[in-house]
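Below: the structure, in structure tokens.
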Amino acid sequence: MMCLESDGVGTVSNSQGCIPGAEERGLETLPGRMNPTSLDVKAVELESSSSKPDKAYNWKRASVAAAGILSVGNVLNYLDRYTVAGVLLDIQQHFEVKDSGAGLLQTVFICSFMVAAPIFGYLGDRFNRKVILSSGIFFWSAITFSSSFIPKKYFWLLVLSRGLVGIGEASYSTIAPTIIGDLFTKNTRTLMLSVFYFAIPLGSGLGYITGSSVKQVAGDWRWALRVSPVLGVITGTLLLIFVPTAKRGHAEQLKGSSWIRDMRGLIKNRSYVFSSLATSTVSFATGALGMWIPLYLYRAQVVQKSVEPCNIPPCSTKDSLIFGAITCLTGFLGVIIGAGATKWCRRKTQRADPLVCAVGMLGSAIFICLVFVAAKTSIIAAYICIFAGETLLFSNWAITADMLMYVVIPTRRATAVALQSFTSHLLGDAGSPYLIGFISDLIQQSTTKSSLWEFLSLGYALMLCPFVVVLGGMFFLATALFFLEDREKAEKLVNQLMMPSTAVKV
């Protein structure tokens, strides 16, 4: 039996006659056995468990900061894209090009964008996404800044530079949403994607405002092309430093598959196919309207004799400023209305996402039609119709991205976004700005040259947009037919892939 001796201060020590090796086995006391080693293990476990909430909190905070930086980068992408539209009239006057030539700037940009998107989608599913994103930002920033020094007789070089900028921006638009998709899940992901896609109308509107405002202050449209590159370098640096390297499928802990298998799975996904076609119609309308509406409203005011024709730059920036402000505001309202309507409709039906998009598209088509009726007599009425039409049109952006996250497994999302981007630009805004300008020039050639026919010809060309938007609404209704089935398939596949011992053909 073990003997104990008190030292008078609450400690216990061995005395002669005590069992040898008692210290190694622990101290036998009246309440029971006390093992120092087990106490140390429990202390470590308690310390470890208390540190887990801190680590989770730090990861959540880092993820929110990353989503914020990615959203700022998306703002800059679209700011740079639509700065050219904000000074389009000055570019036409400076390089002496017609409507079709001016529309070529956006068409070449989008064509290079859509060709590069699938390449970056493949790279984004397999290599370091932060490096790809930051490299793309640095690249387009350098090209945009250099393009501001192109001489007057080299318009083709300006067109080429816009094509190179499209390659740089393709890396960002393709990969950035997939990082957000891997950092968040469910309702939080919907919220973060809403913020990210709100950057599209915000950046577009700021592009008009920045282009026209900087040109007005500096007295030269070229300075408008030197703002976004500086901001782009700063954002690219922040992205490299602060955005965490989330693993693909981090929230679901999945492993990827081959590119060919990914493509086969996407093509068989009917919800994905129809929503991609619907997205193409949105791109067609936003590309054409964003490029031509400020110039159309300017020509309307010339016909109404409320402004004088501009033959020598710098020209008036009022319409670009107003249209930019409207685009920013309608983008904000559209994202909120779309997210709120979807959340409310989910209580009524599980097909809420595509149905809300369809209603928004069909409603938008009505107001876009009214723009061309109102512009003949009242610019204010035309702006009101633009406000309503854009709000409804922008309401589906974040919802469409969220639908993709539901029906596509995480390890092929970058490929899915890239393929959807390629399709939407190929069938949408890759050709719509040039097509509208070409139709406008074609109508003008068959009529007498006058301010009235410059206005009417562009309006007749733009009337193509609301019909395309109606077609987009039909595609969203088709998406609703297959949405639940495809979402269930994706969820089952994710659950199977999370089981390491299960071999699943994806």
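This one's a predicted model, so the numbers in the text were calculated from it and none came from an experiment. We use all heavy atoms of the structure for the numbers below, so side chains are in, but hydrogens, waters and symmetry mates are not.
For the pair Phe284 and Asp429, the minimum side-chain heavy-atom distance is 4.5 Å or more. For the pair Phe138/Thr237, a side-chain contact is recorded, criterion being any heavy-atom separation below 4.5 Å from C-beta on. Two residues are said to be in side-chain contact when any heavy atoms from C-beta on lie closer than 4.5 Å; Ser228 and Trp140 meet this criterion. Annotation: side chain of Gln420 is in contact with side chain of Leu404 (closest heavy-atom distance under 4.5 Å). Side-chain contact between Val214 and Leu225 is absent, with no heavy-atom pair separated by less than 4.5 Å. At a threshold of 4.5 Å between non-hydrogen side-chain atoms, the residues Val408 and Tyr272 count as touching. The shortest side-chain heavy-atom distance between Phe323 and Glu390 falls under the 4.5 Å cut-off. Contact check for Thr400 versus Phe476: side-chain heavy atoms found under the 4.5 Å cut-off.
Cys465 SG to Leu289 CG: the interatomic distance, rounded to the nearest 0.5 Å, is 4.0 Å. Between the CZ atom in Phe422 and the OG atom in Ser280 there is a gap of 10.5 Å [rounded to 0.5 Å]. For the atom pair CG (Leu297) and OH (Tyr383), the distance works out to 5.0 Å, reported to the nearest 0.5 Å. A distance of 13.0 Å separates CD1 in Ile175 from CD1 in Ile180, rounded to the nearest 0.5 Å. Considering CG of Leu79 and CG of Leu206, their distance stands at 5.5 Å, rounded to 0.5 Å. How far CD1 of Ile234 is from CG of Leu239: 13.5 Å, rounded to the nearest 0.5 Å.
Separation of the Phe455 and Tyr296 ring centroids falls under the 6.0 Å cut-off.
Side chain of Thr144 to backbone of Ser141: no donor-acceptor contact under 3.5 angstrom is found. A donor-acceptor pair is defined here as one N or O able to donate and one able to accept, closer than 3.5 Å; such a pair exists between the side chain of Ser171 and the backbone of Gly168. Judged by distance alone, the side chain of Asp486 and the main-chain N or O of Val407 form no donor-acceptor pair under 3.5 Å. With Thr330 contributing its side chain and Thr327 its backbone, the two residues share a donor-acceptor pair below 3.5 Å. Remark: the backbone N or O of Cys345 is not paired with any side-chain donor or acceptor of Thr349 at under 3.5 angstrom. Distance alone, capped at 3.5 Å, is enough to place a donor-acceptor pair between the Ser212 side chain and the Ile209 backbone. Of the possible donor and acceptor atoms, none in the side chain of Arg270 sits under 3.5 Å from a partner among the backbone N and O of Phe482. When atom types are taken as modelled, the side chain of Ser395 and the backbone of Gly334 share no donor-acceptor pair closer than 3.5 angstrom. Of the possible donor and acceptor atoms, one in the side chain of Ser112 sits under 3.5 Å from a partner among the backbone N and O of Phe109.
Residue pairs meeting the side chain to side chain donor-acceptor pair (under 3.5 Å) criterion with at least one partner in residues 456-483, sequence neighbours excluded, are Ser440-Ser457, Gln444-Ser457.
In terms of heavy atoms, Leu266 sits closest to Thr415 at CD1-CG2, 4.0 Å. Minimum heavy-atom separation, Ala285 to Leu393: CB-CD2, 4.4 Å. The nearest pair of heavy atoms linking Leu462 to Pro466 is O-CD, 3.6 Å. Residues Val195 and Ser71 share a closest heavy-atom pair of CG1-OG, 3.8 Å. Summarising the geometry of Ala480 relative to Arg351, their closest heavy-atom pair is O-NH1, 2.6 Å, with the distance given to 0.1 Å. Listed here is the closest heavy atom pair of Ala288 and Ile436: CB-CG1, 3.8 Å.
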Expected list for residues 353-374: side-chain donor-acceptor pairs under 3.5 angstrom, two or more places apart:
unit_1	atom_1	unit_2	atom_2	d
Asp353	OD1	Arg346	NE	3.3
Asp353	OD2	Arg346	NH2	2.8
Ser364	OG	Gly389	O	2.9

Derivation and outcome, side chain to side chain contact (heavy atoms under 4.5 Å, CB included), residues Val282 and Phe394: CA-CA 9 Å; Val282 177; Phe394 293 158; over 6 Å; no
Phe387/Leu329 under side chain to side chain contact (heavy atoms under 4.5 Å, CB included): CA gap, chis, key distance, verdict: CA-CA 9 Å; Phe387 185 93; Leu329 183 57; 3.5 Å; yes
Test side chain to side chain contact (heavy atoms under 4.5 Å, CB included) applied to Arg162 and Val159, step by step: CA-CA 5 Å; Arg162 296 310 295 171; Val159 174; 5.9 Å; no
Residue pair Leu231, Val75: steps toward the side chain to side chain contact (heavy atoms under 4.5 Å, CB included) verdict: CA-CA 10 Å; Leu231 300 175; Val75 170; over 6 Å; no
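Ring geometry for Tyr208 against Tyr82 counts as tilted: the plane angle lies between 30° and 60°, on a 0 to 90° scale. Relative ring orientation between Tyr406 and Phe483 is described as perpendicular, the plane-to-plane angle rising above 60° on a 0-90° scale split at 30° and 60°.
Checked against ring pair (Phe, Tyr, Trp, His ring centres under 6.0 Å), Phe120 has no partners two or more places apart in sequence or in another chain. For Glu488, the salt bridge (charged side-chain N to carboxylate O under 4.0 Å, His left out) partners two or more places apart in sequence, or in a different chain, are Lys492. Residues meeting the ring pair (Phe, Tyr, Trp, His ring centres under 6.0 Å) test with Phe332, sequence neighbours left out: Phe198. Residues forming a salt bridge (charged side-chain N to carboxylate O under 4.0 Å, His left out) with Glu169 (at least two apart in sequence, or on another chain): Arg81.
Remark: Gln350 CD is loosely packed, at most 12 non-hydrogen atoms of other residues, nucleotides or ligands lying under 6.0 Å away. Environment of CD1 in Ile380: sparse, with no more than 12 heavy atoms of neighbouring residues, nucleotides or ligands closer than 6.0 Å.
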